[in-house]
Amino acid sequence: MFGKILYISDNVAHVQNLNSGNETADLMNLHVIFESNDQRILGEITEIDAETIKIRFLGEYQNGRYVNGVLRKPLLSSTIRVINTDELLALVGEYSQDSFVLGQSAIYKQFTVCPNINDLFSNHLCIFGNSGSGKSCGVSRIIQNIFQNKYAAAKNANFFFFDAYGEYKNAFCKLQEINNEYSYKFITTNPQEESDERLAIPVNLLTLDDYALLLQANTHTQLPILEKTLKLARIFATDTEESHSYKNHLIAKALIAILFSSETTAQKKNEIFTIIETCHTPEFNFDTTIQGLGYTRSFSECFEIDSNGYFGESVLITEYILSFVNEDLENLEPDPEAYYTLKDYSKALEFCLIGEGFLHNDTLVDEASILRVRINTIANGIVGTYFVGDKYVSNTEFIDNLKSINGRKAQIININLEDIDDVYAKVIVKIFSKFLFEYAKGLKDRASMPFHLFLEEAHRYIQKDTDTFLLGYNIFDRIAKEGRKYGVLLDIISQRPVEISETVIAQCSNFLIFKMTHPLDIKYIEEMLPNMSSDVMEKLKTLQPGTCVAFGTAFKIPMICRLEMPNPTPYSSSCDVSNCWHQNITVVDTTSTQNNMPNVEEPPVNPNSEFTSTVVNVPGVTDASMSNS
């Protein structure tokens with residue numbers, strides 16, 4: 001079958017071809033062994049012509065184990081043979097409690113690829129492929145195979161799916177039928193079934209960084225505003241006498257600053273009334289009664305301007321306001337277990353904006369106005385309903401509750417984000433990721449509870465953001481760099497790898513690449529894999545749906561693997577246009593509705609026309625040209 005080694009150049013052996021034409025065609029991509037004395041070197045057939053076979057060196061077998069890379073080239077006198085069963089099993093792996101079935105080898109169809117669980121899932125994983133290439137079905141099949149392992153039950157698994165389109169519910173909802181110890185949890189913004197849980201993020205867990213992301217802060221001058229607002233929201237949440245006095249103190253200081261400013265009386269009145277309109281208490285509102293010597297005035301009456309252009313009760317109102325100034329309250333610290341809502345945070349922002357440094361500072365006012373609009377939009381919109389503040393919840397309590405359902409451990413937690421705009425979906429995914437990372441870092445036994453974060457359409461979330469510039473870090477970059485040692489692993493699913501943060505991709509150790517055709521994506525993958533043969537790279541463009549190229553630390557060599565269809569499948573199939581067009585459709589009777597509609601004068605109808613619809617004249621189209629219609 002193989003003749004002698006003619007010569008060796010770089011990492012390729014040129015071998016004499018002794019095969020006939022039909023036999024030669026079956027050799028492409030097969031693996032062979034160069035054997036001599038105690039040396040066994042693995043090679044892959046990459047190119048064949050009538051006279052020679054080119055074989056690229058991959059690694060060698062040492063003491064029964066396969067090791068990537070070749071230190072010594074084979075001897076020219078080496079015997080060349082096709083890889084045997086034992087050697088092939090060392091490459092594809094064997095099915096056990098420490099491995100799982102990924103799929104069938106596309107080259108060696110009688111063998112299944114069984115990667116080691118630790119090798120694959122103890123590191124970050126990337127799953128790339130075009131739309132329709134089988135990514136969602138492939139991921140579903142992988143997870144189903146893990147839980148269907150006949151040798152061991154993955155009862156302590158923690159798979160968090162951030163589901164961009166609600167695809168995975170159908171694939172995992174019957175998880176308990178595999179094993180009664182398994183449970184599946186579905187969290188969504190729009191619960192439809194009794195078992196569905198509504199998305200609810202405790203507001204008290206949000207930090208300065210979270211608010212900066214949520215409100216899309218883009219300058220460093222906005223961070224002190226958000227930080228001060230956060231402190232005020234926590235202080236005001238307790239509703240104690242001290243917190244009430246602090247509100248009056250803030251209002252009083254703002255009013256005094258205006259009263260003693262160089263503005264005209266009319267301008268002072270407008271500014272004071274603007275503050276009282278947004279920030280008011282029983283002691284500071286338009287109807288507050290202020291006691292004078294033998295008479296009373298309402299708060300608003302004290303600011304009536306007399307004939308001399310001054311406030312008629314300037315002395316009375318000044319003394320009244322000064323009575324609420326208490327500088328000791330500036331050191332008041334919030335209750336660490338305070339809880340509040342986004343609307344409370346929005347109100348606290350108003351108090352923050354009347355503080356020192358904001359009045360007559362147009363730059364800060366403009367920066368703050370953007371934040372004010374955004375927090376009000378969120379707090380009073382649908383996104384605000386996903387953030388709850390009815391009770392205090394610690395991060396430990398939140399995560400413990402997140403990974404359980406009805407008192408049972410949930411192995412798969414599916415968070416459906418299909419109804420959320422991309423801007424807010426990205427923030428929510430970052431918030432969840434940070435909560436999980438902090439939880440894992442706080443465990444007494446490091447990496448004792450692995451969390452796998454499956455990010456569907458990851459290019460929507462893991463982007464080259466300004467987080468690092470603004471906050472000093474990006475949560476996905478941080479998890480990519482540090483998460484492995486704490487057991488927080490990223491499983492990135494995307495159709496556009498070039499749009500994902502390079503920092504994150506650089507930390508990924510394993511890749512499953514389905515069909516890809518975009519030149520930039522192909523080039524990107526090729527640069528990541530200098531040892532990948534050009535033949536395999538070409539196959540990426542023509543892979544069948546459900547077939548992938550698997551490589552990384554979990555795979556001895558790059559392998560083409562065909563995954564079975566999951567059962568049940570995710571909601572990721574293409575629209576059946578033909579069936580939709582041809583199926584019978586029930587016509588809804590709208591006669592009763594039309595009878596109740598107001599009379600509308602209809603356009604005149606040409607009595608010579610057999611159609612009653614409006615005729616549209618199309619330039620260049622004559623009656624004659626339509627005669628065959």
Side-chain angles (χ1 to χ4, degrees), residues 102 115 119-131 133-143 146 157-165 167-168 171 412-415 417 422 425-434 436-437 440 450-465 467 473-484 486-516 518 520-522 524-525 527-529 540 548-555 561 563 570 572:
L102 177 63
D119 291 342
L120 187 64
F121 287 105
S122 291
N123 299 281
H124 305 302
L125 168 68
C126 286
I127 302 172
F128 296 146
N130 287 352
S131 178
S133 63
K135 296 190 304 299
S136 298
C137 286
V139 171
S140 300
R141 182 74 267 175
I142 289 171
I143 300 302
I146 289 173
N158 295 285
F159 292 128
F160 292 87
F161 278 82
F162 294 95
D163 197 348
Y165 304 116
E167 296 179 342
Y168 292 103
I412 298 179
I413 299 90
N414 188 1
I415 303 173
L417 302 171
D422 280 6
K426 178 167 69 171
V427 175
I428 289 174
V429 173
K430 286 183 177 181
I431 289 173
F432 269 103
S433 300
K434 185 165 78 75
L436 289 165
F437 186 54
F451 294 140
H452 288 87
L453 281 54
F454 284 81
L455 305 176
E456 177 71 33
E457 303 295 344
H459 52 272
R460 297 172 61 183
Y461 316 124
I462 307 178
Q463 301 172 340
K464 301 164 188 176
D465 294 320
D467 298 14
Y473 73 98
N474 178 292
I475 187 58
F476 294 122
D477 289 352
R478 179 167 289 181
I479 292 175
K481 294 175 182 177
E482 305 172 19
R484 181 185 57 80
Y486 294 108
V488 182
L489 292 314
L490 296 174
D491 299 282
I492 301 167
I493 309 166
S494 175
Q495 52 189 287
R496 291 311 313 276
V498 293
E499 295 181 9
I500 296 176
S501 165
E502 293 178 2
T503 301
V504 174
I505 296 295
Q507 299 299 321
C508 293
S509 301
N510 291 295
F511 297 83
L512 303 179
I513 312 296
F514 291 80
K515 180 180 179 180
M516 301 205 76
H518 198 288
L520 291 179
D521 293 324
I522 294 290
Y524 185 75
I525 294 170
E527 289 175 350
M528 287 191 300
L529 292 172
L540 288 180
C548 70
V549 176
F551 57 88
T553 57
F555 305 95
C561 186
L563 279 66
S572 60

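Any value given below was found using the heavy atoms of this structure, including those in side chains, with hydrogens, waters and symmetry copies removed. Remember, predicted model here, so these are calculated numbers, not experimental data.
Contact of the Val429 side chain with the Phe476 side chain is registered, since non-hydrogen atoms from C-beta on lie closer than 4.5 Å. Arg478 has its side chain out of reach of Lys434: every pair of non-hydrogen atoms, C-beta onward, lies at least 4.5 Å apart. In this structure, Asn474 and Lys430 have side chains that are in contact, with non-hydrogen atoms separated by less than 4.5 Å. Side-chain atoms of Asp521 and Phe128, non-hydrogen and from C-beta on, never get closer than 4.5 Å to each other. When side chains are defined from C-beta on, Phe121 counts as touching Asp491, because their heavy atoms get closer than 4.5 Å. Residues Phe551 and Ile513 have side chains in contact (heavy-atom distance under 4.5 Å, counting atoms from C-beta outward). Residues Ile142 and Leu563 have side chains in contact (heavy-atom distance under 4.5 Å, counting atoms from C-beta outward). In this structure, the side chains of Val488 and Leu453 come closer than 4.5 Å at one or more pairs of heavy atoms.
Leu490 contributes atom CG, which lies 6.0 Å from atom CG of Leu455 (distance to the nearest 0.5 angstrom). Atom-to-atom distance recorded for Leu120:CG and Thr553:OG1 is 7.5 Å, nearest 0.5 angstrom. To the nearest 0.5 Å, atoms CG (Leu436) and CD1 (Ile413) are separated by 8.5 Å. To the nearest 0.5 Å, atom CD1 of residue Ile127 and atom CG of residue Asn510 are 10.0 Å apart. Rounding to the nearest 0.5 Å places CZ of Phe162 at 10.0 Å from CD1 of Ile428.
In this structure, the side chain to side chain donor-acceptor pair (under 3.5 Å) partners of Tyr473, at least two apart in sequence or on a different chain, are Asp209. Listed by chain and number, the residues in a side-chain contact (heavy atoms from CB on, under 4.5 Å) with Ser131 are Gln495 (sequence neighbours excluded). The side chain to side chain donor-acceptor pair (under 3.5 Å) check on Asn123 picks up nothing, with sequence neighbours excluded. Listed by chain and number, the residues in a salt bridge (charged side-chain N to carboxylate O under 4.0 Å, His left out) with Asp119 amount to none (sequence neighbours excluded). Phe451 meets the ring-ring contact (aromatic ring centres under 6.0 Å, His included) test with Phe160, Tyr439; sequence neighbours excluded. Contacts of Ser494 classified as side chain to side chain donor-acceptor pair (under 3.5 Å), with partners at least two apart in sequence or in another chain: His459. Shown here are the side-chain contact (heavy atoms from CB on, under 4.5 Å) partners of Leu489, two or more places apart in sequence or in another chain: His124, His452, Arg484. Legend: residues meeting side-chain contact (heavy atoms from CB on, under 4.5 Å) with Asn414, ordered by chain and number and at least two apart, are Phe161, Asp163, Tyr168, Lys169, Tyr184, Phe186. Under the side-chain contact (heavy atoms from CB on, under 4.5 Å) criterion, Ala164 pairs with Glu456, Glu457, Arg460, Tyr461, sequence neighbours left out. Take Ser140 and apply the side chain to side chain donor-acceptor pair (under 3.5 Å) test, not counting sequence neighbours, and it matches no residue. Residues forming a salt bridge (charged side-chain N to carboxylate O under 4.0 Å, His left out) with Lys426 (at least two apart in sequence, or on another chain): Asp465.
Remark: side-chain polar atoms of Lys515 are not paired, donor with acceptor, to backbone N or O of Ser133 under 3.5 angstrom.
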Which side-chain N or O atoms in residues 498-508 pair as donor and acceptor under 3.5 Å with protein atoms at least two apart or in another chain?
| from | atom 1 | to | atom 2 | distance (Å) |
| --- | --- | --- | --- | --- |
| Ser501 | OG | Asp477 | OD1 | 3.2 |
| Ser501 | OG | Thr503 | N | 3.3 |

ask   = Hey, mind stepping through Phe511 and Val549 against side-chain contact (heavy atoms from CB on, under 4.5 Å) and telling me if it holds?
value = CA-CA 8 Å; Phe511 297 83; Val549 176; over 6 Å; no

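Shown here for Gly134 and Phe514, the closest heavy-atom pair between the two residues is O-CE2, 3.7 Å. Of all heavy-atom pairs between Ala554 and Pro115, the closest is O-CB, 4.0 Å.
If you run side chain to side chain contact (heavy atoms under 4.5 Å, CB included) between Leu125 and each of Ile492, Leu512, Ile493, only Leu512 comes through.
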